[in-house]
Every structure is written in C-alpha cells, then in structure tokens.
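Data block below; observations after.
Residues take their numbers from the sequence shown, with the count starting at 1. The shown structure was predicted, so the numbers you read here are calculated from the model rather than taken from an experiment.
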Amino acid sequence: MRGETMPADVLVVSCGIFRDELAALGRAGKFPWPVRFLDSMLHMEPERLEQALTALVQSLAGQRIVLLFGDCQARMDLLASREGACRVKGHNCCELVLGREEYRRLRREGAFFLLPEWTARWREVFRERLGFVTPESARLFMQEMHRRIFYLDTGVVPVPAETLAEIGCYVGLPVEVKAVAPDRLADAVRKALEGFNE
C-alpha cells in the first residue's frame, strides 16, 4: 500500500445491515473511519436507494467517500465514479463477509443468506417486503429457489436460535449457522482506499 489514507480524510457510507458490525470493529480499533448509514430495507426499493444515496453523497461534496454497498442498485458504479468517491468490491453484503469464492460455492449449492440485522427483521423482509404473507407462499418460492439458509454469524450479537428456527419453519428450509469474519469489512474499505492513494 502506498501510504494509507488517514481516517480524518475519509467517510464511509454504509448499508445499515452492517451497523452493529462496524460499531464493534470501531470499538476494537479496527475501523477508524466515521460512518453514515442508510436503512438496509432500501435494498428492496432500488429507486429509493439510489435517490437516498445520491442525496447523501451530494451532501458530502468535498469529502472522500467509500461506499460500503454491493450492487444494490443499477447506478451504483456511476455513483462511485464521482470525484472523491469509490466503492468496495463485492456483489452484495453477503459476499463482502464471506469472500467471493465461498459466496459463489454456497450459492451454487442453493444457499439463501441471512445476516443478523435482517434476521431480527425477518417478518418485515419476508412478509412486508417480499409479500410472503403466509408460510405456504414463502415455502413455494424459497424451496424452488434454495436448498438451505445460512445465518452468517458475525459474532457481534448472540445467535438467535429461536428466531432461526421460526424462520426455517416459515419457509420450510433447514437453517445452518456459519461464522464469518466482520474484519473483512475493514479490509474491503482499506482496499477501496488504495485507489485514492495511487
């Protein structure tokens, strides 16, 4: 690395799905950058996400910004190409914490992923956002598209065993817990910052 960008020079704009993980990394001294969050449910409404992100980035003109998002809306790369902005590499939030190869391997095996924040909001995700208002409708879709659910345990909050059992019952799929390293989020930001330092 050609001289790491100082924390004071950079602000991270992140999906709220990582709020607890980035707070924990910050307390551990592993994530020195200030962070602004957007509600993770905007992922379900790409146009609203684009509007919110654009407005936030515009309000931060003059600062160097790292977008901690995947390909959550069609113009993400265009937004990240603005002067002073860049984005971490990763298709989505699950790939960011799993790593590209592991993410792709599990996807090929029919995995559906849940991070802690969406697990706590699972009724909102499945019933209100995806429209699966009954277990039958959820099972019809989920069992056609997936073989199992992986709860990605970032180690920041206790594994919600009862909630996971409830989700598994609702969608009719087995649920497994897989430990992941939230440190990958800090690594992803550092790699994105290398572009500023080149």
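Between atom OG1 of residue T134 and atom CZ of residue R127 there is a gap of 9.5 Å, rounded to the nearest 0.5 Å. In this structure, L106 CG and R108 CZ are separated by 9.0 Å, a value rounded to the nearest 0.5 Å. Rounded to the nearest 0.5 Å, atoms CG (L11) and CZ (R36) are 6.5 Å apart. To the nearest 0.5 Å, atoms CG (L98) and CZ (R105) are separated by 9.5 Å. To the nearest 0.5 Å, the span separating CD1 on I167 from CZ on F126 amounts to 6.5 Å. Note that CG of L79 and CD of Q58 are 8.5 Å apart. Values are rounded to the nearest 0.5 Å.
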Using the side chain to side chain contact (heavy atoms under 4.5 Å, CB included) rule, take V97 and L185 through it: C-alpha gap first, then chi angles, then the decisive distance, then the call. CA-CA 7 Å; V97 293; L185 300 174; 3.9 Å; yes

Does the ring-ring contact (aromatic ring centres under 6.0 Å, His included) test come out yes or no for F132 and Y170, once each step is laid out? CA-CA 10 Å; F132 301 141; Y170 194 81; 8.4 Å; no

Determine whether V10 and Q63 satisfy the following criterion, side chain to side chain contact (heavy atoms under 4.5 Å, CB included), listing intermediate values before the conclusion. CA-CA 7 Å; V10 175; Q63 295 190 56; over 6 Å; no

Under the side chain to side chain contact (heavy atoms under 4.5 Å, CB included) criterion, do V88 and V189 qualify, and how do the steps go? CA-CA 6 Å; V88 298; V189 171; 4.2 Å; yes

Could you walk me through whether W118 and E124 satisfy the side chain to side chain contact (heavy atoms under 4.5 Å, CB included) test, starting with their C-alpha distance in whole Å, then the side-chain angles of each, then the deciding distance to 0.1 Å, before giving a yes or no? CA-CA 9 Å; W118 269 28; E124 180 180 0; over 6 Å; no

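A salt bridge is defined here as a Lys NZ or Arg NE, NH1 or NH2 lying under 4.0 Å from an Asp or Glu carboxylate O, and E117 with R121 meets this definition. Using a 4.0 Å cut-off between charged side-chain N and carboxylate O, R48 and D39 make no salt bridge. Under a 4.0 Å N-O distance rule, the pair E128/R123 does not qualify as a salt bridge.
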Listing, residues 13-26 side-chain donor-acceptor contacts under 3.5 Å, not counting sequence neighbours, or none:
from : atom 1 : to   : atom 2 : distance (Å)
E21  : OE2    : T154 : OG1    : 2.7

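Counting only heavy atoms from C-beta outward, the side chains of M44 and L130 approach each other to under 4.5 Å. F150 has its side chain out of reach of V175: every pair of non-hydrogen atoms, C-beta onward, lies at least 4.5 Å apart. V171 has its side chain out of reach of Q143: every pair of non-hydrogen atoms, C-beta onward, lies at least 4.5 Å apart. At least one side-chain heavy atom of L193 sits under 4.5 Å from a side-chain heavy atom of V66. Inter-residue side-chain proximity for L152 and C94 is flagged as met; some heavy-atom pair is nearer than 4.5 Å. Here the side chains of K178 and E102 are in contact, with some heavy-atom distance below 4.5 Å.
Annotation: salt bridge (Lys or Arg N to Asp or Glu O under 4.0 Å) contacts involving residues 72-90, sequence neighbours excluded, comprise E50-R75, D71-R87, D77-R87. Pairs engaging residues 134-159 under the salt bridge (Lys or Arg N to Asp or Glu O under 4.0 Å) rule: R148-E176 [sequence neighbours left out].
Following chains of ILVMFWY side-chain contacts shorter than 4.5 Å, one cannot reach W122 starting from V133, and the two form parts of different hydrophobic clusters. When hydrophobic clusters are built by joining Ile, Leu, Val, Met, Phe, Trp and Tyr residues whose side-chain heavy atoms come closer than 4.5 Å, directly or via intermediates, L78 is not grouped with L56. Clustering ILVMFWY residues whenever any of their side-chain heavy atoms sit less than 4.5 angstrom apart, transitively, puts I149 in a cluster other than the one holding L140.
Of all heavy-atom pairs spanning W33 and V35, the tightest one is O-CG2, 3.4 Å. Looking at every heavy atom in both residues, G131 comes nearest to S137 through O-OG, 4.5 Å. Taking all atoms of both residues into account, the shortest heavy-atom contact from Y151 to P116 is OH-CG, 3.4 Å.
Using cut-offs of 30° and 60° for the angle between ring planes, the F141 and H146 rings count as perpendicular.
For the pair N92 (side chain) and E95 (backbone), a donor-acceptor distance under 3.5 Å is present.
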